[in-house]
Structure formats: structure tokens, C-alpha cells
Amino acid sequence: MSSLLEVRGLNAWYGAAQVLLDVDLQVQRGEVVGLMGRNGAGKSSTLKAIMGLMPRRSGAIRFAGIDISQARTHEVARLGLGFVPENRRIFSELTVLENLEVGRQPPRHWPDGTPAPLWSPEQLFQVFPNLASMLDRLGSHMSGGEQQMLAVARTLMGNPLLVLLDEPTEGMAPLIVAQMARMIQALKSQGVSILLSEQNEQFAATVCDRVYLIDQGLVQPAAHGRMNAIAARTDPT
């Protein structure tokens with residue numbers, strides 16, 4: 001089976017500093033894949049490089065069978081690759097409903113021609129029930145956890161085939177972390193693929209099918225494995 005997202009030999013720089021070194025990874029359709037590592041390891045830079053947000057990059061990136069190695073960010077987004085950044089970037093002076101409408105995009109299809117999941121506000125409120133009760137609330141009047149949920153929901157309004165999700169649990173209360181886990185599992189059940197940047201091993205063990213561990217911009221082959229290895233490390237017994 002061909003990968004929905006395939007990254008080979010990805011390198012990226014901030015100025016003269018190289019922050020990614022020959023990163024290889026892949027994500028299949030309907031799969032949740034974790035990219036794990038400490039702060040500064042290269043997790044967010046990997047997602048930004050895939051999305052075309054790094055000032056300089058090289059390597060091969062294919063998404064839905066299309067070479068996006070040199071594509072601009074808006075071109076990548078139009079193909080159905082969604083991105084939820086760590087700092088959320090919702091529109092603080094727009095309401096919840098207005099934020100969702102900003103993200104609306106036409107229906108999409110998988111590479112084999114079958115229809116991809118189509119999201120409406122009503123469907124999203126089944127996944128994010130808290131948002132349904134605050135349609136007229138301004139983004140600036142929402143808590144950090146509520147903003148995170150809104151950022152994901154707004155991205156889903158674009159009907160993405162795959163979502164790049166950057167540090168969704170950082171600074172979140174345990175209740176919000178649990179809601180985020182249920183949300184990711186719900187998305188997977190709809191066939192949406194997710195590449196998740198994360199430090200929380202227990203959270204990753206709950207939601208991910210596979211993980212890559214990254215350190216100093218390198219994905220270590222010996223550390224690339226199934227989730228049972230991570231689960232064993234996080235087992236409190």
C-alpha cells in the first residue's frame with residue numbers, strides 16, 4: 001500500500017543552522033503516527049517543513065501521490081493537508097462559528113477517487129460538544145483548551161485527508177487532554193490520518209498506531225517502532 005504522506009531525506013535550516021537531518025517518515029491512510037522528542041528536538045520543524053513553512057528545506061515529500069517538495073504552503077493546504085500549529089492562531093476577534101466558516105473548503109476525494117470525510121459544523125459539534133454551546137463567543141474569550149479544540153475544528157472544516165497536529169496537549173489540563181484523545185480517536189474512525197508532534201508519552205500510547213522518536217533533528221532508526229514499546233515504558237506497574 002502506498003503511503004498517504006511519505007517524507008524522504010528531509011533537511012531544513014533556520015538561517016545557517018541545520019535543524020533537520022535526512023528525516024524519513026510515512027503515514028498511511030487512517031493512521032495516527034506520533035513524532036516524539038524533547039523540546040528543540042525538531043518535531044515542530046518537521047511539521048513546518050512538510051507544510052512549506054520553513055525558509056529553507058530539501059528532500060522529497062509526497063502527499064496523496066503528489067510531489068509537494070517545492071510547493072508553497074497554500075498549495076499544500078489546497079491538496080488536503082491540514083495544519084494545527086502549536087500556538088493555535090485562531091481569529092480572536094471572530095466568533096466560534098465565524099472561525100469555523102473561515103476554514104470551510106470544498107469536498108475532497110482520496111487518491112483512489114472515493115469521497116473523503118466531509119465535515120460540517122453540525123458534525124464537528126458531535127466531536128467537540130463544548131463548541132456547540134459557544135457559537136457566538138469570541139476567540140479571545142475562550143480558554144486555552146477551548147481554543148485548541150476550535151483550532152482543530154477549523155482545520156477539519158477544510159476536509160483534510162491528513163492533519164499535522166503540533167503539541168496538542170502542551171499546557172493542557174488533564175480533562176482537556178482526555179478530550180483531545182477522544183477527539184483524535186474519533187477522527188481516526190472517520191478515516192482521517194494524523195501526524196502528531198508530542199512529548200507526552202502516555203498520551204501518545206493512547207492515540208498513536210506508531211511513533212518516530214526524533215533527537216537533534218535526526219529520526220533514529222533504532223528508536224522507530226510500534227506503540228507497545230512506548231506503552232511498556234509508560235505502564236505505571
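- Ion pairing between a basic and an acidic side chain is recognised when a charged N comes within 4.0 Å of a carboxylate O; Asp209 and Lys188 show such pairing.
- Side-chain contact of Asn130 with Glu146: a donor-acceptor pair under 3.5 Å is absent, judged by distance alone.
- A donor atom on one side chain and an acceptor atom on the other are not found under 3.5 Å apart for Ser193 and Gln28.
- Atom-to-atom distance recorded for Met51:CE and Leu81:CG is 4.5 Å, nearest 0.5 angstrom.
- In this structure, the side chains of Asp112 and Arg29 come closer than 4.5 Å at one or more pairs of heavy atoms.
- Between Arg8 and Arg62 the shortest side-chain heavy-atom distance does not fall below 4.5 Å.
- Taking the side chain to side chain contact (heavy atoms under 4.5 Å, CB included) definition, one finds that Pro129 meets it with nothing, sequence neighbours left out.
- Ionic pairing of Arg78 and Glu75 is not present here: no N-O contact between side-chain nitrogen and carboxylate oxygen is shorter than 4.0 angstrom.
- Using modelled atom types, one side-chain atom of Asn159 and one backbone atom of Pro106 make a donor-acceptor pair closer than 3.5 Å.
- Checked by atom type and distance alone, the side chain of Asp215 never pairs as donor or acceptor with a backbone atom of Leu213 at under 3.5 Å.
- Counting only heavy atoms from C-beta outward, the side chains of Val27 and Leu4 never approach each other to under 4.5 Å.
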Verdict with reasoning, Trp13 to Val19, per side-chain contact (heavy atoms from CB on, under 4.5 Å): CA-CA 5 Å; Trp13 293 260; Val19 294; 5.9 Å; no
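- A donor and an acceptor atom, one from each side chain of Asp166 and Ser44, are located under 3.5 Å apart.
- Applying the side chain to side chain contact (heavy atoms under 4.5 Å, CB included) test to Val127 and every residue at least two apart in sequence or in another chain returns Trp119, Met183, Ala186.
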